[in-house]
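All values below come from the heavy atoms of this structure, side chains included, with hydrogens, waters and symmetry mates left out. For ligands, and for the atoms within them, numbers begin at 1 and follow the listed sequence.
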Amino acid sequence: MRTAIVCGAGGFIGGHLVKRLKAEGFWVRGVDLKFNEYAETEADDFVIGDLRDPMFVREMFDRRFDEVYQLAADMGGAGYIFTGANDADIMHNSATINLNVLEAARRRAARRVFYSSSACIYPAYTQGDADHPNCSEDAAYPAAPDSEYGWEKLFSERLYMAYARNHGMVCRIARYHNIFGPEGTWNGGKEKAPAAMCRKVAAVPNGGEIEIWGDGEQTRSFLFVDECIEGTLRLMRSDFCHPVNIGSEEMVTINKLAEMVADIAGKRIRKRHIPGPLGVRGRNSDNRLIRSSIGWAPERPLRQGLERTYSWVERQLYRNAA
Ligand code: NAD
């Protein structure tokens, strides 16, 4: 039986990944500081523990896993990453996890290792134009991410590549772009724009007002979690060994995102623009490399994923209120 370990299995993407690996017949160990808040885990073995502790990580690697997925990170939405108040935690915690997991995987000769990097590694200077951001993979250097979260991701990308080079390991690195979907954080300050927008729209009556950070003309693309998992598995099992984008190329402004969600909800909304942490002006996935390297790229329209996410967030909101 094929075996996998998912670090960060209590998180959003990790939870979906465990389900998919189970559906494929894997024996799966999940590791996290916490259980997933929204769904029972399907992992065969789920261990609560701290991946910053090297002894604990070594215990988790008690066998030669076929597939190692390293998704654990200290992360959140713009409200967590861009204030500066969490920079030391973000860098220390995530770098320590990556150092520990990769070393343990090496000691146990893991067959394949996957690392989830982020679009946040791209330089601020290629993303100043809302209409024409440049996130082709080779735009990463000269490096100038706009957050310490991005710098840590870039360091860790290089760490995985160095282990691959020096220790002959098989490492795969994806740069995820804004993944969203059901069972993702939707309140509390660490949520991303699509979930936040769904919550705000669900919470107001028809004709109500929602708050949007900045002028709302900043652009982003959002990828539905099912396609993220599909891309992750395809990349993991491919022979492509460089960092590659996993994201959607359907770029929208935040204002447009709000209107799309309102339309799904069947509500008219008024938008009030307020100061808030914004990140770069424009960002979009560039899927030329993933298409040419593994022969696949996400294709599903944003609206489809938003429909599923909106109805899930709406249910959470009413459950909380009840
Ligand atoms: P998430 O926060 O839901 O999941 C991360 C998990 O890591 C959490 O469950 C958390 O408890 C766990 N974790 C943190 N510190 C830990 C520790 N010391 N020991 C054990 N577990 C620990 O995030 P997600 O959205 O599922 O993202 C997964 C990965 O993908 C992260 O590495 C993230 O940086 C990356 N990523 C995500 C997105 C996105 O849009 N969701 C975009 C780019 C990159």
Side-chain angles (χ1 to χ4, degrees), residues 5-19 29-39 41 43 46-57 59-60 69-78 80-81 86 89-101 104 114-122 135 145 147-157 160 173-186 188-196 220-229 231-232 235 243-248 279 283 285 298 305 309:
I5 182 167
V6 178
C7 302
F12 165 51
I13 301 172
H16 284 273
L17 180 60
V18 168
K19 276 188 214 167
R29 170 171 293 153
V31 186
D32 204 297
L33 286 172
K34 59 166 182 67
F35 289 107
N36 187 286
E37 293 96 312
Y38 312 113
T41 183
F46 193 101
V47 187
I48 297 286
D50 192 336
L51 293 164
R52 288 171 300 184
D53 172 358
M55 293 311 292
F56 169 72
V57 177
E59 279 167 33
M60 292 302 95
Y69 293 91
Q70 198 323 70
L71 304 169
D74 190 1
M75 67 165 306
Y80 186 72
I81 289 173
N86 308 300
D89 279 350
I90 289 171
M91 296 190 88
H92 174 267
N93 294 342
S94 296
T96 308
I97 294 169
N98 281 310
L99 288 161
N100 287 344
V101 169
F114 173 87
Y115 173 57
S116 53
S117 181
S118 166
C120 290
I121 63 98
Y122 288 112
C135 293
S147 66
E148 300 300 1
Y149 170 78
W151 278 106
E152 189 283 325
K153 288 288 188 196
L154 205 52
F155 161 76
S156 289
E157 281 191 1
Y160 284 80
I173 302 167
R175 293 176 180 161
Y176 288 158
H177 290 240
N178 287 317
I179 313 304
F180 76 101
E183 295 167 20
T185 306
W186 62 280
K190 282 193 169 185
E191 66 279 15
K192 309 284 177 49
R220 292 290 184 279
S221 72
F222 302 98
L223 182 70
F224 192 60
V225 64
D226 289 1
E227 289 205 291
C228 167
I229 301 296
T232 298
L235 175 62
V244 63
N245 293 328
I246 293 189
S248 160
R283 175 170 291 157
S285 186
T309 308

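- Looking at Tyr149 and Asn86, their side chains never bring a donor and an acceptor atom within 3.5 Å of each other.
- Glu152 and Asn93 share no donor-acceptor pair across their side chains, judged by distance under 3.5 Å alone.
- Among protein residues, Gly8, Gly10, Gly11, Phe12, Ile13, Asp32, Leu33, Lys34, Gly49, Asp50, Leu51, Arg52, Leu71, Ala72, Ala73, Met75, Ile97, Ser116, Ser117, Ser118, Tyr149, Lys153, Tyr176, Asn178, Ile179, Lys192 come within 4.0 Å of ligand 1, judged on heavy atoms.
- Using cut-offs of 30° and 60° for the angle between ring planes, the Tyr69 and Phe114 rings count as tilted.
- Taken from CD1 in Ile81 to SG in Cys120, the straight-line distance is 5.0 Å, to the nearest 0.5 Å.
- At distances below 3.5 Å, not a single donor-acceptor pair connects side-chain atoms of Arg283 with backbone N or O atoms of Cys135.
- The backbone N or O of Thr185 lies less than 3.5 Å from no partner atom in the side chain of Lys192, so there is not a single donor-acceptor pair.
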